[in-house]
Amino acid sequence: MTATAEPEVGKARRRKEDARLITGATRWTDNLQLTGMLHMAVLRSPVAHARITSIDVTEAVKMPGVLVALTGQDLAAEQGSLPCAWPITEDMLAPPAPSLAVDQVNFAGEAVALVVARSAAEAHDALAAIDVDYEDLPVVLDLDRAVEDDADLVHPDLGTNKSATWVFDSAEAGTGSDVDQAIADAEVVVERTFRQQRLIPAFMEPRSVVVDPSPGSVTMWSSTQVPHILRWMLSAVLGIPEQQIRVIAPDVGGGFGGKLQVTPEEVLTLLVARRLGKPVKWTESRTESMLSAHHGRDQVQRITISARRDGTVTGLKVDLLADMGAYLRLVSPGVPILGAFMFNAIYKFPAYRFTCTNVFTNKVPTDAYRGAGRPEATFAIERIMDELAAELGVDPLELREQNWIRHEEFPFTTVAGLTYDSGNYEAATARAKELFGYDALRAEQVERRANGDPVQLGVGISTYTEMCGLAPSRVLGALRYAAGGWEHAAIRMLPTGKVELITGTSPHGQGHVTAWSQIVADRLGVAFEDVEVLHGDTRVSHRGMDSYGSRSLAVGGVAVVLAADKVLAKARTVAAHLMEVAEDDVEFTAGTFSVRGTSTTMALGDVVVAAHVAHNLPDGVEPGLDAEATFDPENFSYPHGTHLCATEVDTETGAVKIRSYVCVDDVGKVVNPLIVEGQVHGGLAQGIAQALYEEAVHDEYGTLTTATLADYLLPSAVDLPHFTTDRTETPATSNPLGVKGVGEAGTIASTPAVVNSIVDAVRHMGVSEVEMPCTPMRVWKAIHGRGDGVPTTPGAGGGLGSIDARGGAE
Amino acid sequence: MIPAAFDYVAPTTVDEAVRALAAGGEDAKAMAGGQSLIPVLRMRLAVPTLVVDLSGLTELTGVHDDGDSLRIGAMTTHYEVQRDPLVREHARLLCLATDTVADPQVRHRGTFGGSLAHADPAGDLLAPALALDAVMVCAGPNGTREVPAARFFVDYFTTALAPDELLTHVKVPKLTGWGAHYEKFNRVAQAWSIVAVAAAVRVSEGKIADARVGLTNMGPTPVRARGVEEALVGQPATAEAITSAATRAAEGADPPSDGNADAEYRSHLARVLTERAVTAAVSA
Ligand SMILES: Cc1cc2nc3c(=O)[nH]c(=O)nc-3n(C[C@H](O)[C@H](O)[C@H](O)COP(=O)(O)OP(=O)(O)OC[C@H]3O[C@@H](n4cnc5c(N)ncnc54)[C@H](O)[C@@H]3O)c2cc1C
């Protein structure tokens, strides 16, 4: 066992797992081939809202290679209802959520029938032979309209499209004063409505499921973020004894929250595999993914901010309508609620009220997407701070500074009732301003305005904080979430001195294998290369709450530390016994135990062997040094940062070009700066994409018109600017690693920074809002006062929508 | 997604290919680079029973000098067109437009002829072909015929090619020494044009002696901006003259409305981009 000289934590290690991932040397779920494996294909509703009057599968069953074709009726008795683990209020309304629609479809893309055949091609061919009759029902799409009294209903049985209304009021909670009073008394009040468009997570690896239904032991491989939750929920939904289910998430190619789900297809693959007694695989196409995997965001936000003339903010009122889509999925109702604690952001509001109504529409269900609730909150507060600054005629950065929590005020309990443990907004902002050249850009902006330059310059600011490290179990309980927020880790000390670390987190691109190895290497004084990280298989990692909400390091990483400490504690006992000294005299550094004041030493490796062979252990000490630990955080962690964006807006075409982007993030202690950098870059790309490119668009019939990547625009590297990134480092005080979480930071801050910069560029032309995504047409129309809507038809030429619309490339 | 089943043949001569297409009838499809056809097959938007793979037709690749014009093989890839010295010298507009097509992967597979035969109104090579007065050489069971670009593009995704005809070559008259520019407007780099303008001009003694202007995605087929051309010819190559001529850009166009741009905005873009394209071409 080699001792590591310089600490591993803090090293920019290349990721151990990358060689395997990027050379295709791994096996994704779809690469699995089991003997006798069959293939499932799913028929999806082309209409958004209809009664199913008949489904005829007789012709499909006769097709070559087909074993079975099933409808919702066939599975009605066994499919149960897909789980929703977050009933946000006692009286929340939740319709039954069948995996296969039984007599009604509620969104275009909903599964209505399935075929199992010997090959995937035969299964797909047979779908065309299924005959479904639909009787159209009125389609509910618009959020504002859906909550009106005379609105058509998605689920008539519920009597309303409102699922639940959730309120936080600082006056009632005792965390602040009454916001209505604050607004009534205010010298300045600014009100705005912002729209968070619907987004599609667009993970790179489409979803795939393989089920091997051996009697007494069902194994499911799934491209999921949440193998542990999935196993629990499958047992709960289908009544299969949990000990007989094994879920494996092999290498998973991205998720962004989109694979934090228990999907209809997972349930269906399991049911048909069990019914046929054969392994079955289902893999989706990209379009299928876009039509049926859960979407993200989709809110209407009415924001009122009040302030004194001197710029001091006095109140914040948030009224949200959040689109749930047609059903409540795993954590759908809770996503907007995660934002409830973040609208007040880094500012000292004395009064705050948050009201959110969750609404059903005939669209794909929404659920977690990178940031989940927090990007929405940050967007709204950072946009309205700019609007307030414009109203007051002050520099938007100065307005923020005037109102934020100063570094000497931490720990600080906010008006939303959270206690921020640490932070230094001044330091991050100062560094960002310096890197950005804030003053020079402002000067150039003035000049371009004066010259009437057709290309105008805008400066966009976003500060942010977020609650990461989901989550203290007690808090989750108080929010009526069905599960806890702890994480588990176990360490196996192998007799050759190598280490197996088992984590309950479930990486799907984040680099846990590398970062966890670094943590263990430092803690135990073993070589980085000697640590193997095991995850994602419920037979190997039997306890875990999986990966989402920037929780893996801040919660799971801490569990790793605690488990390592337990290994060391026991190793110390054994070492003291073997060296025949008192335990208190034994010190441990860099993988070696030594006796204080003597030259006697014993390497951890030798202690491991001694503990393993157990020839000579103290009385009552069990053989082996393996240990496990579960960590339940006391508090969230609160990363923060300041992002600055300069954009050039071509006022003749409305085209927006990001000229420079600077972010200074404070994610606490950093285990691996390279991984942090990667997370920031990816996050920025996704956040900028919300501001400029991505939007799930439905036509008036509820058909998703952006169901290919030719129509749903994702930027590539060439579309994005150079990112100037830097960090300040204020350690979290809420965990022994001092870490905070970085998975969502870039996504959260970049969207408002970009939109603020666009509005800033053309504010003098009378623009105070551009709806996202800020397409050239929207920007041009905003400048020229043409506020009319944007057509929902896909590209008339280019892209595949066009080919679709005209019936093929003839 | 998985395409429906189809038969596949890979002929090595134009004759064989034409015979295979004729035998396959309406349900046969030629495949060049497959960059547009394969997505369509995978989404089952087209369900041909026979695919005739043209990649073995080596006689259809490369650029040839025919004196007054260039002859470009239909199977010449975008990548080859971009780098071809003859094209660069005598039909620079084509190089510049091809530079903006898709991404490197697609440009290595997609072909010049495939793009023209596909006739996507948002495709970037149609307007240059029209502006350059290119002539399409088509081979069918009864021999070959030549169709000028102005008659080749019939409607959205529809050309003058019969189902059993192949586009074999494109003749492009040389415009040696002309200035050229392709001004493309799109939202992400690898995407098709929302609107684009292809311009080639010959400036002589400070005056615009000749001008060719073609518009991409301003109608079901590429559009020749004749009004702009007329307004430019004989004018001094000045900003004022170009700005004034560009106001006629959308004359005769029939722009579509879609999620990226409605007709009004497209017409506006056509004017702005024409001004920019001609300005750049004049100084190129
Ligand atoms: C991601 C992506 C981005 C793209 N972006 C752009 C872009 O920005 N601009 C742009 O212009 N294009 C773009 N394209 C399209 C690309 O240029 C294609 O290569 C082109 O449209 C078709 O060329 P191909 O050789 O691949 O033809 P194929 O896909 O093989 O064929 C297309 C059609 O033409 C027919 N056909 C092909 N060759 C012949 C022939 N010789 N005779 C008769 N019929 C024939 C086929 O039967 C088929 O119907 C993009 C494509 C992709 C995949």
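Below, chains carry the letters A, B, ... as their sequence lines are ordered, and counting in each starts from 1.
The candidate from B/Ile2, B/Val188, B/Asn186 with the greatest count of non-hydrogen atom pairs under 4.5 Å with chain A is B/Val188.
For chain A, the nearby parts of B/Ala189 are the backbone and the side chain; heavy atoms of each come within less than 4.5 Å. At a 4.5 Å heavy-atom cutoff, the contact between A/Pro773 and chain B is made by side-chain atoms alone. Heavy atoms of A/Thr653 lying under 4.5 Å from chain B belong to its backbone as well as its side chain. There is no contact between B/Arg42 and chain A, counting heavy-atom distances below 4.5 Å.
Ring-centre distance between B/Phe157 and B/His118: below the 6.0 Å cut-off. Taking the centre of each ring, A/His39 and A/Trp282 stay at or above the 6.0 Å mark.
Shown are A/Glu694, A/Glu771, A/Gln690, A/Glu695; of these, the side-chain hydrogen bond (donor to acceptor under 3.5 Å, both in side chains) with A/Gln197 is made only by A/Gln690.
In this structure a side-chain-to-backbone donor-acceptor pair under 3.5 Å is missing from A/Thr706 to A/Asp711.
For A/His124 and A/Glu122, the side-chain atoms include no donor-acceptor pair closer than 3.5 Å.
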